[in-house]
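Excluded from the calculations below are hydrogen atoms, water molecules and symmetry mates; all remaining heavy atoms, backbone and side chain alike, are included. In what follows, chains are A, B, ... by sequence order, proteins preceding strands, each numbered from 1.
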Amino acid sequence: MIDAAMMGLMEVLSPHAMGLMLIGILIGFAVGILPGIGGPVALALMLPFTFGMEPVHVFAFLLGMKVVTSTTGDITAVLFGIPGEATSAATVLDGHPMARKGQAGRALGAVLMSSLVGAIIGALVLAAAVPVLRPIVLAFGPPEFFMLTVVGLIFMASLSRGQMLKGMIMGCVGLLIALVGIDPQAGVPRYVFGQLELWEGLGIVPIVIGLFGGPEILQLMLSKESIAGKATTRKIDGVWEGMLDTFRHWKVVAWAGGLGAAIGVIPGVGGSVSQFIAYGQAKQMSKHPEEFGKGSIEGLLAAGGNNNAKDGGALIPMIAIGLPGSVTTAILLNAFLISGLNPGPEMLTTHLDVTFSMVWITIIANIIVVILAIPLLKPLARLTFTEGPILVPFLLILIVLGAYAENNSMFDVWIMLGAAVIGIVCLRWNWPRVPLLMGAVLGDLCERYLFLSTSLYGWSWIQRPLVIGLGALVVAIIFKTGWDMRKNARRLAETRA
Amino acid sequence: MTSATTTSKARKGINYGDWVISLALLGVMVAAYLMTLKWPSGTAFFPELLSLSAILFLLVQLAILTWNAVLGRRDTARALAAAPKAAHSNGEVALVAEGDDDLGNENEFHNIFSSADRRMWGEAIGWMVLFFGGMYLFGLLVTLPVFTLLYLRANKVSWLVSVLYVVVTAGLIYSIFSLFLHLPLPTGIFPLSGE
């Protein structure tokens, strides 16, 4: 195994592979900074260029590109509150408030370094998991997947700052939004109101961009302030401080990275759920949980460390059993097949060096991204001090292109506008947005796994040990949140008295 | 920096926004449930489960709102969000993001949205309508320069900066999407730019 690992490293360090990786990283950076044209679109556009390449070269090019798009998604989330992908949504929660406080430099440094550390953790988990891949992936069946989606939703509702009931309502709304379109089991159209465009369902990217980006633009129009507003500090220079924060709070990053890699393994669920579970976990561990959602460095590090770690985990089911868990891994699976590789036992025996080369590419590409991005962070952070009216046209273009580019459809732009209205209403009247987003992301999976669970096991799936464990976790989260709300209400009453 | 002000209303006890949103969502959920009645059982099961759960949660929420209205108190989160307003003893609030570290991003947004007066809302919505309407009619490459120039000039940005801004953004968008990636841009129903 060590031989294969070293062989994989040598192949990645060859000038040809390194050159392709650099090209991939540069393309990923340029394309990934635009919301909507994240990892999947960039990979799909570049896939045809990989015909005829050696497998390691293919992955140096494509994986290098994917790694950057994860990071650039976090950068726009911090600066403008517009996450590049649904999996960057948790970064907005604390990263953007930090930018609004005038700490964009520190936030960018923190998210960049925590992404690197998270990616290394993810890659190490991938390497460590090689001998035991199959049992890990197969330990989870549809009932456990279903319960994991429920845990993610309840976690998110519990983080809605004393508004768990509203969070659960918004979670249900999000889940229903996800059900718009053709029912995959019976082929019956649901909630489509005669609109053909709705038959395929509502895209997540327009919803994410609208919910978070729309209110940001409107507040800039109304206040005409810069994003950093009346911030008392203007720490454009805080990049190094942010990077050091990663090591000061190493436990948070390690937990987030570990959770990202572990939950990222689960097909379809990984990226979306793990970021919020890591965020919730960091909040539980923190000595200052009240700062979460208001610009907590720990919250940001948890989201950043988790985001890139999940990529390592997500590769595991694709390599081990050829099961892609996301659009990105589905495209990478195509690249596997194009280069003549078959996922499964072959990847753990005869092509073990290729598997290890993917581990090395993940690590090396992330290091290169950090080195390349450092000189760009200061100018990027300066954008948060630009007057609101200057930013508005640029941000409007970003959200329109982000919504439009995925399907080249104006309908998605209108969906984004609708989501923006919902986001504004939520902010105006204090209703949580994130549970709605989580529901919209997970609704499809939630229903599919519930359907599979009842079809395969009747209702006896409820008695499975892992399901019972996850169910107990849900109950514990609800009770803990209820207890905290009670405490807060008492404290508020005492303050008033 | 503009610091427009507006009068904040004290609405003790009754959260009108929460009432309207809760009742609207209740209506949506009841409609969502009724629609499931026409579907086969397998198709209807999950939406039924969700809409009924949401109806239950909303009824609890309405009960809490009623209880709070009877007792004349506001919920914790809203009370916290309203706290900065209380700091303005003259009954007026500044329309800017508060710099207080204890306030979250969402509370800042809440304050800005709730303090803006009708003229400001009308102005912002008007610009949005112009941008999205223009894009629907004439496409992005036509709307982008026109909107950008008008918006920047209306906000007293110099002609030089406005024109440079338009040239750089339109040039970048056109180069990346049309020349480099060969991706289509929104063309509108009356395309003038030949996108």
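With chain B as the partner, the residue from A/P389, A/S409, A/G443, A/A186 showing the most heavy-atom pairs under 4.5 Å is A/P389. Note: A/L417 leads A/I424, A/L417, A/V425 in heavy-atom pairs under 4.5 Å with chain B. For the set A/V392, A/T454, A/I217, the entry with the most heavy-atom pairs within less than 4.5 Å of chain B is A/V392. Annotation: maximal heavy-atom pairing with chain B below 4.5 Å, among A/V413, A/L396, A/D94, A/I397, occurs at A/L396.
Side-chain contact between B/T187 and A/M410 is absent, with no heavy atoms from C-beta onward closer than 4.5 Å. Side-chain contact check for B/F46 versus A/L176: every heavy-atom pair is 4.5 Å or farther apart. Counting heavy atoms from C-beta on, the side chains of A/E447 and B/P47 come closer than 4.5 Å.
Under 4.0 Å is where a charged nitrogen must lie from a carboxylate oxygen, and between A/E387 and B/K156 no such pair does.
Within the model, atoms SG of A/C446 and CG of B/L49 stand 9.0 Å from one another, a figure rounded to the nearest 0.5 Å. With rounding to the nearest 0.5 Å, the separation of CZ in B/F45 from CG in A/D183 is 13.0 Å. Rounding to the nearest 0.5 Å gives a distance of 5.0 Å between CD1 of B/I173 and CG of A/L401. Summarising the geometry, atom NZ belonging to A/K224 is positioned 6.5 Å from atom CE belonging to B/M120; distances are rounded to the nearest 0.5 Å. Atom-to-atom distance recorded for B/M35:CE and A/R190:CZ is 11.5 Å, nearest 0.5 angstrom. B/I21 CD1 to A/I422 CD1: the interatomic distance, rounded to the nearest 0.5 Å, is 11.0 Å.
Annotation: residues 127-135 of chain B contacts chain A through B/W127, B/M128, B/F131, B/F132, B/M135 [non-hydrogen atoms, separation under 4.5 Å].
Remark: side-chain polar atoms of B/Y165 are paired, donor with acceptor, to backbone N or O of A/F394 under 3.5 angstrom.
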